[in-house]
Structure formats: C-alpha cells, structure tokens
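First up is the structure itself, then whatever we jot down about it.
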Amino acid sequence: MKKLNCAFYNILPDLKTYTRNKMSGFNLTISDKPFELEKLDSKTEILGIFVEAKIDKKVFQKLPNLKMIATFSTGYDHVDLKEAKKRKIPICNVPTYGENTVAQHAMALILAISKKIFASTKRVKEGNFDYHGLCGFDLKDKTVGIVGTGHIGYYMIKMLSGFDVNIIAYDPFPNTKLAKELNFKYVSLNKLLAESDIVSLHVPLLPQTTHMINKRNIKKMKPGVIIINTSRGGLIEPEALVWGLETGHIASAGIDVLEEERYISHPEFLFEQNCQAQDVKDSLMENIIIDHPNTIVTPHNAFNTTEAIKRIIDTSIANVKAFSKGETQNDVTKPRKK
Ligand code: NAD
C-alpha cells in the first residue's frame, strides 16, 4: 500500500526520533521549525502543525493533495475551519492532554503575582537581601472567578480548593454536579467580574468569546483585580488590558497568550503584511503588555511539560493512524459527540 506523505512541523528536537519510530508506516518529513508557506511541499497529504501555524486559504491552495490536518493542540482557532469543511479535510485535534499541566501554569502565575516572586528573585540576585517593598497578599479568603469550567477550569478549581479561596464560576453550560463536588457557585459573567479579586480565563476562542474581556466590562471589575489568561490572547481586547494596567484598575496580569503572539514569536511574519515591519512592531499593544511592570508574560508555554508533550504527540499520531485506516477521530469539523 502506498505510504501517505506527512509533514510535521514544530516537533521538539528531543521528540524527533520518538515520532519517527512511531510513524514508520508513513513517508514523514519532520521539522522543529514552523512551516514557511513558500516551502510547503505540494505532495503533502497529512500536515502536522502547532498553534502558531496559521492555516488559511493560501495554505489549502498550496497543498492540492492535502487530506487531513493534525493540530498538536486542543485549540483550533488558528485553522480556517470553513475552508477545511468546504474541502472536506478533517482537522483532528488533541482534546485533552494537559488539563493539569495548563492549570498548573495558571496557578504558577497567580502564586508568582501574589508573592512578588520575580521582583524578589531579581532583587536578591542583584545582591540586595531586603524584603521592603515586596509585600504580597494572601490568597486565603479571596474570591477567584473561573471563566469556563471545562477540562482546564475543572483542574484549576481543584487546585485552588487547597488555598481556602472562595470560588465562583461562569460557563454557558454549567456542570452542577461538579459545582457540588468541588463546592463552588455558578454566577453570571457580570457578577463574576464584579466580585472576583482574581479572574482566570479557561474558554476557547470563538466569535462569541473574542474580546470577552474589554474596556466596557473591565470598568465593572473590582479595582485592583488580577487577570490570568492561559487560554487564547484574543479573549482579551489588548487596548483594554493596557488601559486597565495603566490606570491601575487592573493591578496585575499573568498572561501566557497574546492576541498577536505570532508576530512576537516570529517577527518575520510581519513581512507578510503589506506595511513596514517596524511600524507594525512598534504599534503592537502586545509589546506594551510585555514591557509593563505589573505583568508576567510567558511565551504560550502553559502546555509545555515533558509529560504533556509526549501525550500530545501520542494522540496526534493516533489521529493520523486512525485517519489512514478510514476511522477519523477527534475531527473538529464535525459536531462534537456528547
Ligand atoms: P474545554 O472545551 O474542556 O472547556 C472549555 C469550557 O469553556 C467549556 O466548559 C465550555 O462550555 C466553556 N465555554 C464555551 N463558551 C464559553 C463562554 N462564552 N463563556 C464561558 N465559558 C464558555 O477546554 P479546555 O481543555 O479546558 O481548554 C480551554 C482552552 O485553553 C482551550 O480552548 C485552549 O484555547 C486553551 N489552551 C491553552 C494552552 C496553552 O498552552 N496556553 C494549552 C491548552 C489549551
């Protein structure tokens, strides 16, 4: 039987051999770098990509033999689903691999902010062992608002339960059994934003969640609120976040994802734009967010543990193998089975 031509991008160097060994029944090319549109091989039948790869119409046009895309991620907002459906190309994701891993990152951001860990470490490394000006705050008795109580939100609530906080949550599909089990209350989004000392986002980026945190509702939040976003940058209107930080209405933000993060991680993408790269770079709100003294920004790193990456690769390979046998699984172009 003819071997399918697969091209996998962004595979960590340490996992290349592991991946090759598991994909022996395929013609596989592997790169640890993101793909470049011009260099895509038109013979590619299965494309393996990470979230920073923007799969738009141009990619589909460049790959006339494309049969399936495996995205090494839970989120799939980087893929033009409409175009994929039109071409009947399944987009297979990794529905769960790191709910504990991502929640652990969100917790790390909260803990680092609450105890001023970065400022403290910096001071000591500079030779100053003085704690003045580094006063943090207790999590105990604070109200934490969890937006989205799916896989990651669930773990977040479980982890937070050990800190004696008051947990409230918003989800359009509330899980009352979970609320009882983990002793938290569902409230409306408006109430959550008005009452929370810390707001942590765990929802997918969809048209209806884009800029769900914006200038209008930031004004309704508690002055001094802390915002944590490990989901997708597009959930927060960047101008509004900058406004909140600059006015002090938002005390601090722990951010793993930025709306225009692909231009930050790969400035060469700016050249695809029809304008001067430096102008775009200078005008990116993301750079203001990164440089702000009251933010901690990590480079879309929440998923990134040895254990989680292995789980991602294993499920992605299982997705590819299932497709090659005509048993497509985890196809996000199809309605989800409940
Ligand atoms: P999930 O599908 O299990 O849960 C998402 C929850 O959001 C669901 O309960 C859903 O009902 C809820 N939801 C949908 N629309 C909503 C809305 N308008 N308001 C509030 N809640 C809404 O997903 P998950 O596994 O928990 O992952 C959440 C997101 O985290 C992913 O979509 C992905 O974008 C992001 N993520 C980021 C990283 C990272 O490395 N930073 C890694 C994995 C996932």
Side-chain angles (χ1 to χ4, degrees), residues 1-12 14-37 39-99 101 150-152 173 204-207 232 303 307-338:
M1 208 169 73
K2 184 187 163 289
K3 287 184 177 181
L4 285 163
N5 295 321
C6 301
F8 282 8
Y9 293 88
N10 292 93
I11 300 291
L12 287 179
D14 288 354
L15 281 174
K16 278 183 171 176
T17 308
Y18 177 81
T19 308
R20 270 189 208 294
N21 289 343
K22 289 197 127 193
M23 289 283 291
S24 54
F26 298 82
N27 274 334
L28 178 66
T29 55
I30 290 194
S31 172
D32 51 28
K33 304 211 166 45
F35 72 71
E36 289 173 55
L37 184 69
K39 293 190 186 159
L40 280 172
D41 182 350
S42 63
K43 291 195 210 77
T44 302
E45 294 168 297
I46 295 179
L47 185 64
I49 44 120
F50 188 59
V51 286
E52 63 192 357
K54 191 161 184 272
I55 306 297
D56 55 15
K57 206 170 174 178
K58 280 188 241 162
V59 176
F60 288 105
Q61 283 166 347
K62 187 90 187 162
L63 300 176
N65 295 302
L66 189 65
K67 295 184 169 61
M68 177 231 179
I69 294 180
T71 183
F72 309 141
S73 59
T74 304
Y76 44 84
D77 45 274
H78 50 294
V79 182
D80 183 342
L81 280 197
K82 215 169 135 198
E83 193 63 27
K85 282 182 194 170
K86 200 171 101 190
R87 292 170 186 262
K88 297 197 170 49
I89 295 176
I91 312 296
C92 301
N93 77 336
V94 185
T96 61
Y97 66 86
E99 47 267 52
T101 313
H151 293 92
I152 297 169
F173 305 99
L205 182 65
L206 303 165
R232 283 293 179 267
F303 73 99
E307 295 82 356
I309 287 172
K310 202 161 158 289
R311 290 192 289 266
I312 292 174
I313 290 298
D314 287 345
T315 305
S316 299
I317 291 173
N319 285 347
V320 170
K321 288 187 174 171
F323 172 80
S324 72
K325 291 184 198 143
E327 299 157 8
T328 307
Q329 64 180 31
N330 299 325
D331 178 5
V332 297
T333 66
K334 297 271 152 57
R336 252 204 315 191
K337 282 183 200 134
K338 287 272 172 196

Pairs involving residues 83-93, ordered by first then second residue, that meet side-chain hydrogen bond (donor to acceptor under 3.5 Å, both in side chains) (sequence neighbours left out) = Glu83-Arg87

message = Strictly by side-chain hydrogen bond (donor to acceptor under 3.5 Å, both in side chains), give each pair with a member in residues 71-82 just once, sequence neighbours left out.
response = Thr71-Ser73, Thr71-His78, Asp77-Arg232

query = Applying the side chain to side chain contact (heavy atoms under 4.5 Å, CB included) test to Cys6, which of Asn27, Ile46, Ile317 qualifies?
reply = Ile46

Donor-acceptor contact present, side-chain [X] to main-chain [Y], <3.5 Å:
X      : Y     : value
Lys321 : Lys22 : yes
Glu45  : Asn5  : yes
Asp32  : Leu12 : no
Asn65  : Ser42 : yes

Nearest atoms (heavy-atom pairs only) where [X] meets [Y]:
X     : Y      : answer
Pro90 : Phe323 : CG-CE1, 3.8 Å
Asp41 : Leu63  : O-CD2, 3.2 Å
Lys3  : Ser24  : NZ-O, 3.5 Å
Lys54 : Val59  : O-CG2, 3.7 Å
Met68 : Ala70  : CE-CB, 4.0 Å
Pro64 : Gln61  : CD-O, 4.0 Å

Heavy-atom check, side chain of [X] versus side chain of [Y], under 4.5 Å:
X      : Y     : answer
Ile30  : Arg20 : yes
Asp314 : Tyr18 : yes
Tyr9   : Pro34 : no
Phe50  : Ile11 : no

ask   = Aromatic ring centroids of Phe8 and Phe26 under 6.0 Å?
value = no

To the nearest 0.5 Å, what is the distance between [atom1] on [X] and [atom2] on [Y]?
X      : Y      : atom1 : atom2 : value
Leu37  : Lys39  : CG    : NZ    : 11.5 Å
Lys310 : Thr19  : NZ    : OG1   : 10.5 Å
Glu52  : Asn10  : CD    : CG    : 4.5 Å
Met23  : Ile313 : CE    : CD1   : 9.5 Å
Ile69  : Ile91  : CD1   : CD1   : 4.0 Å

message = Checking Val332 against Val79 for the side-chain contact (heavy atoms from CB on, under 4.5 Å) test, could you report, in this order, the C-alpha distance in whole Å, the side-chain angles of both residues, the deciding distance, and whether it holds?
response = CA-CA 10 Å; Val332 297; Val79 182; over 6 Å; no

inquiry  = Determine whether Ile309 and Tyr97 satisfy the following criterion, side-chain contact (heavy atoms from CB on, under 4.5 Å), listing intermediate values before the conclusion.
reply    = CA-CA 8 Å; Ile309 287 172; Tyr97 66 86; over 6 Å; no

